[in-house]
Amino acid sequence: MIDHDVLIIGAGLAGLRAALCAKEQGVDVAVVTKVHPVRSHSNAAQGGINAALTDRGDDWRDHAYDTIKGSDFLGDQDAIEVMCREAGDEVISMENMGAIFNRDENGNLGTRNFGGQREARTFFVADFTGQALLHVLYEQIVKAGAFVYEEWFVLSLIVRDGKCGGVVMMDIKTGKIEVVRAKAVILATGGLGRVFEPSTNALICTGDGMSLAYRAGAELMDMEMVQYHPTTLKGSGVLLSEAARGEGAYLLNSENERFMLKYAPEFKELASRDVVSRCEQTEIDEGRGIDGCVLLDVRHLGEKYINERLSQIRELGIDFANVDMVKEPVPVMPGMHYAMGGVKADIDGKTAVPGLYAAGEVACISVHGGNRLGANSLLDTLVFGRRSGIHAAEMVKSVKHLSIDDSAAQDDIKQINQLLSNEKNESFGKVRLDMGTGMKKHLGVYRDQSSMEKALELVKDIKERAKSIYVADKTKTFNTNLMFSIELGFMTECAEAIAASAIQRQESRGAHTRTDKPDRDDENWLKHILVTKAEESHDISFLDVIITDWEPVIRQY
Amino acid sequence: MEVIFKVQRFDPESTDLVSHFQEYNVQLTDSSTVLDGLIKIREEDDGTLSLRCSCRAAICGSCAMRINGEAGLACNTKIIDVMPQDGSPIVIEPAGNLPVIKDLIVDFQPFWAKFKAVEPWLQPGDIQPEGEYIAPEEDMVHLAGVVSCILCGACVSDCTVLEVDDSFLGPAALAKAYRFSRDPRDESDDQRLAQLNEPGGVWDCTRCMKCVEVCPKGVDPMDRIMLLREKVMDAGHNNTSGARHANAFAKFLKNSGWLDELKLPVMSFGIFNIKAMIGLIPLGIKSQLAGKRPPIFHHKLSSAKEIKKIFEKVESKK
């Protein structure tokens with residue numbers, strides 16, 4: 001058994017920011033991650049990070065309002081205020097640590113336009129901002145000497161008397177199972193994209209943290225809010241950053257028409273993501289698509305500019321769609337991209353389970369509500385990663401470890417042995433694919449009562465099938481086959497929470513658009529939906545949205 | 001279309017501890033990648049096949065491996081680009097120059113150790129700015145070309161120096177060192193460059209270009225190493241065989257237009273380096289016997305004056 005003061009699960013931006021800040025408080029910190037930190041999915045954030053810098057004439061209140069409007073008034077305004085107020089400091093900190101943000105002509109940080117915002121307040125490193133920031137934080141972690149359990153996989157959270165006191169984890173390299181006690185555990189495990197197929201998310205985004213917390217008694221909130229990004233490549237679902245539209249790209253239908261002009265006359269292609277995705281889907285559904293896609297056109301920006309600002313996107317087009325965007329438009333479609341929902345946490349990352357924190361995509365502090373603005377996710381990870389790191393470090397100074405011993409691993413060992421002894425039956429790949437395509441079909445850009453009922457049925461079936469997955473690999477070293485089977489269990493629980501929440505919401509709001517209930521209903525549904533685990537299935541409860549200064553209005557772009 | 005993969009397998013828990021190749025036939029499409037194929041094998045055919053992969057979009061750096069003998073990312077390598085015309089299989093092996101753990105998974109610890117050895121973090125001066133550091137956009141755009149390195153290890157896999165000498169820091173770590181050395185905000189150049197001048201540093205690269213060829217992100221590690229060499233020499237570190245070699249090379253060309261191959265090794269190693277001088281004797285005898293000894297009396301090229309002018313012009317611009 002190993003002891004740490006603060007144990008952080010996940011080494012993306014939220015996890016590393018939390019680790020760095022907790023370490024600065026002088027407590028013992030360790031990070032556990034199932035991949036090397038620089039392989040984390042924060043890498044994939046391309047476009048940038050939002051902040052309203054006052055010395056540039058911007059105002060964090062304007063950023064807050066754009067975020068609130070983007071959330072379709074489901075975001076908690078107190079949390080959004082915190083995020084937007086602290087954004088500037090966070091961006092400057094990253095720059096001071098080494099991030100090479102693009103500059104303006106005076107050598108100050110430069111900005112680009114991004115969706116759903118009235119100001120250009122997105123700071124960026126070409127079109128690989130996430131990767132650039134992740135590497136900087138990893139460099140700082142190396143410098144600070146924070147301990148990282150690289151390629152360890154967390155199997156469960158240890159809960160005693162309702163409190164979280166550590167984790168059971170497995171060394172992927174050797175199969176060794178270890179009980180780790182921690183006075184605070186911070187979940188920073190990212191999203192759940194693999195619950196859907198296709199998805200822009202990496203193969204590692206399997207909702208581990210949400211499921212771990214759910215099993216430990218925490219609440220999952222806003223799970224029905226699943227973001228479909230407007231520009232993903234056909235087939236593979238690979239993401240093309242909103243930076244393309246931020247830099248001036250057009251969206252065209254089969255009639256070569258910039259269709260966003262009619263739906264969002266003011267913001268055009270840069271309306272919020274839920275809006276643009278719906279417009280694209282409508283164009284496609286009404287017969288003005290091209291083979292299930294619309295076109296993203298950047299040709300008018302010119303080769304030099306594209307190479308300087310959108311080089312990765314150009315490469316992606318060439319590698320994954322055989323299209324050189326300098327020469328021709330690339331076919332794109334709405335693709336599952338982000339979970340606005342997650343483990344309910346407050347502005348310091350605290351969850352309903354004492355000792356358990358959450359930050360980043362795994363968490364729902366409700367800064368994104370019904371729809372996240374582009375370039376607010378990196379901001380979310382850094383601000384709330386820092387806050388949870390600092391808060392957890394402060395908290396552990398006055399508490400003791402819970403009384404836990406190695407027997408805490410019993411259930412997980414039993415589960416693994418069970419999986420390894422399953423007869424040849426279901427395969428991980430097949431079950432996941434059925435879940436993913438079904439979830440996309442029933443809980444897509446548009447949904448209705450009947451599709452959501454089908455989603456619930458699907459989840460029930462998948463949960464059953466996931467129990468009898470056959471694990472062909474019986475070795476202890478890098479048994480990825482076993483790991484995927486355990487991850488599938490995590491994913492099925494996320495799927496259940498999504499479907500169960502979706503069917504509750506009797507209105508259309510943000511990413512949750514029901515064709516049978518097309519209007520927003522502020523009178524009855526300015527509410528979060530919470531799911532908690534019950535003996536056999538789950539319980540649902542509701543929580544009022546926190547409104548500070550901004551009353552809901554009709555949302556137009 | 002049907003694609004045949006020939007994949008190197010290694011099970012560290014087997015009794016014989018020998019790697020072997022296994023063939024798989026997979027149905028794929030024109031737009032499929034090598035990674036699509038390997039995932040299909042793993043999910044539908046053989047769950048025991050182990051590899052690292054995650055983002056599928058050439059940004060996480062997990063899936064570097066050797067494809068038909070050359071390092072690359074499985075996720076951005078299209079099947080149609082690597083499938084042999086004659087119907088023979090696509091050969092998949094783990095990345096080179098790192099110990100194999102299982103199948104296509106290699107131990108990256110030596111890679112990270114070298115990464116850490118170059119102190120890869122910004123080391124600014126004592127004066128912290130109020131807000132951000134002021135820095136020219138062109139510098140940031142230039143650095144972005146190196147920062148876009150995803151640390152996948154493809155360059156390390158195929159580095160011909162690492163194949164024979166694992167003390168070499170290697171292309172990835174050196175490109176990282178360049179990234180900080182070239183950053184206008186970093187003030188640790190004295191110490192960084194002194195370290196990079198040591199054995200295992202910038203002078204150990206043989207300029208074979210392999211890292212430039214295989215880098216999936218266009219980072220051009222070798223070019224960065226060459227720029228570091230310039231910086232190292234500009235900082236006054238001229239007392240290595242590498243620096244002397246470069247200086248001698250330039251001196252001969254400037255003065256005569258020819259390379260004096262007889263004197264070059266002497267000047268590179270230093271005339272008082274008895275051990276190296278003795279070491280050169282067999283090579284001298286061999287070249288004499290093969291009739292390939294360089295001329296003892298070095299001649300000037302007829303256009304040497306012109307060449308000298310070019311040198312002077314370049315030097316005056318520095």
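Letters A, B, ... are given to chains in the order of the sequence lines, protein chains preceding strands, and every chain is numbered from 1.
Rounded to the nearest 0.5 angstrom, A/R39 CZ and B/F108 CZ are separated by 5.0 Å. To the nearest 0.5 angstrom, B/L35 atom CG is 7.0 Å from A/L203 atom CG. With values rounded to the nearest 0.5 angstrom, A/N43 atom CG is found 6.5 Å from B/C60 atom SG. To the nearest 0.5 Å, atoms CD (B/E137) and CG (A/N108) are separated by 11.5 Å. Taking CD1 of B/I80 as the start and CG of A/N322 as the end, the distance is 6.0 Å to the nearest 0.5 Å. Remark: B/S50 OG to A/N481 CG distance equals 8.0 Å, nearest 0.5 Å.
Interface residue B/C149: only backbone heavy atoms are found under 4.5 Å from chain A. Looking at A/F101, only its backbone comes within 4.5 Å of chain B, counting heavy atoms on both sides. For chain A, the nearby part of B/K176 is the side chain; its heavy atoms alone come within less than 4.5 Å. Looking at A/S93, there are no atoms closer than 4.5 Å to chain B (heavy atoms on both sides), in backbone or side chain. Proximity to chain A (any heavy atom under 4.5 Å) is shown, for B/R56, by both the backbone and the side chain. Neither the backbone nor the side chain of B/Q123 comes within contact range of chain A, judged by heavy atoms closer than 4.5 Å. For a residue to count as touching a neighbouring chain, one of its non-hydrogen atoms must lie under 4.5 Å from one of that chain's; by this rule B/P12 touches chain A with the side chain only. Looking at B/D11, the atoms closer than 4.5 Å to chain A (heavy atoms on both sides) all sit in the side chain, from C-beta outward. Contact annotation for B/I150: both backbone and side-chain heavy atoms come within less than 4.5 Å of a heavy atom of chain A. Contact of B/D183 with chain A is made through the side chain alone, with heavy-atom distances under 4.5 Å. Residue A/F478 touches chain B through both its backbone and its side chain, counting heavy-atom pairs closer than 4.5 Å. Interface remark: B/I134 contributes backbone and side-chain atoms alike to the contact with chain A (heavy atom separation under 4.5 Å). Heavy-atom distances place no part of A/T174 under 4.5 Å from chain B, backbone and side chain included. Of the atoms belonging to B/V141, it is side-chain heavy atoms, and not backbone ones, that fall under 4.5 Å from chain A. Residue contact with chain A, scored on non-hydrogen atoms closer than 4.5 Å, involves the side chain of B/T33 exclusively. With a threshold of 4.5 angstrom between heavy atoms, B/P216 approaches chain A through N, CA, C or O but not through any side-chain atom. Contact of A/A144 with chain B is not made at all, since no heavy-atom distance falls under 4.5 Å.
Side-chain contact between B/L151 and A/H135: present, with at least one pair of heavy atoms (C-beta onward) separated by less than 4.5 Å. The side-chain heavy atoms of B/S148 and A/Q312, taken from C-beta on, include a pair separated by under 4.5 Å. Side-chain contact between A/F128 and B/K217 is absent, with no heavy atoms from C-beta onward closer than 4.5 Å. Looking at heavy atoms from C-beta onward, B/R179 lies in side-chain contact with A/I100 at the 4.5 angstrom threshold. Residues B/M140 and A/N102 are not in side-chain contact: their nearest non-hydrogen atoms beyond the backbone lie 4.5 Å or more apart. Within the 4.5 Å cutoff, side-chain heavy atoms of A/D473 are placed close to those of B/K102.
Around atom NZ of A/K476, no more than 12 heavy atoms belonging to other residues, nucleotides or ligands sit under 6.0 Å away. Annotation for A/K474: atom NZ counts as buried by contact number, over 12 foreign heavy atoms lying within 6.0 Å. The 12-atom threshold is exceeded at CD of B/E2, counting heavy atoms of other residues, nucleotides or ligands nearer than 6.0 Å. For B/I127, the CD1 atom counts as loosely surrounded, since its 6.0 Å shell holds 12 or fewer non-hydrogen atoms of other residues, nucleotides or ligands.
Shortest non-hydrogen contact noted between A/V238 and B/A57 is CG1-CB, 4.0 Å. The two residues A/A202 and B/C55 make their nearest non-hydrogen contact at CB-CA, 3.7 Å. The two residues B/V147 and A/A132 come nearest to each other via the heavy atoms CG1-CB, 4.1 Å. Taking all atoms of both residues into account, the shortest heavy-atom contact from A/N96 to B/P129 is ND2-CG, 4.0 Å.
Comparing B/L143, B/I105, B/D36, B/I101 by how many heavy-atom pairs each has under 4.5 Å with chain A, the most go to B/I105. For the set A/G429, A/G98, A/A321, the count of heavy-atom pairs under 4.5 angstrom toward chain B peaks at A/G98. Interface remark: of the candidates A/D104, A/L109, A/I318, A/L109 forms the most heavy-atom pairs closer than 4.5 Å to chain B. The candidate with the highest count of non-hydrogen atom pairs below 4.5 Å against chain A, out of B/T77, B/T48, B/T29, is B/T48. Comparing A/T475, A/I204, A/V142 by heavy-atom pairs within less than 4.5 Å of chain B, the highest count is held by A/T475. Each of A/N479, A/N106, A/V35, A/N201 has some count of heavy-atom pairs under 4.5 Å with chain B, and the biggest count is that of A/N201. With respect to chain A, the highest number of heavy-atom pairs below 4.5 Å among B/E119, B/Q128, B/K116, B/K78 belongs to B/K78.
Under the 3.5 Å distance criterion, the side-chain polar atoms of B/E13 are matched with a main-chain donor or acceptor of A/T477. Looking only at distances, no side-chain donor or acceptor of A/K143 sits under 3.5 Å from a matching main-chain atom of B/W121.
Here B/R52 does not pair with A/E150 in a salt bridge; the nearest charged N to carboxylate O distance is not below 4.0 Å. Under the 4.0 Å criterion applied to side-chain N and carboxylate O atoms, A/R103 and B/E132 are not assigned as salt-bridge partners.
A/H36 and B/W112 have parallel rings, their planes meeting at less than 30° on a 0 to 90° scale where 60° marks the start of perpendicular.
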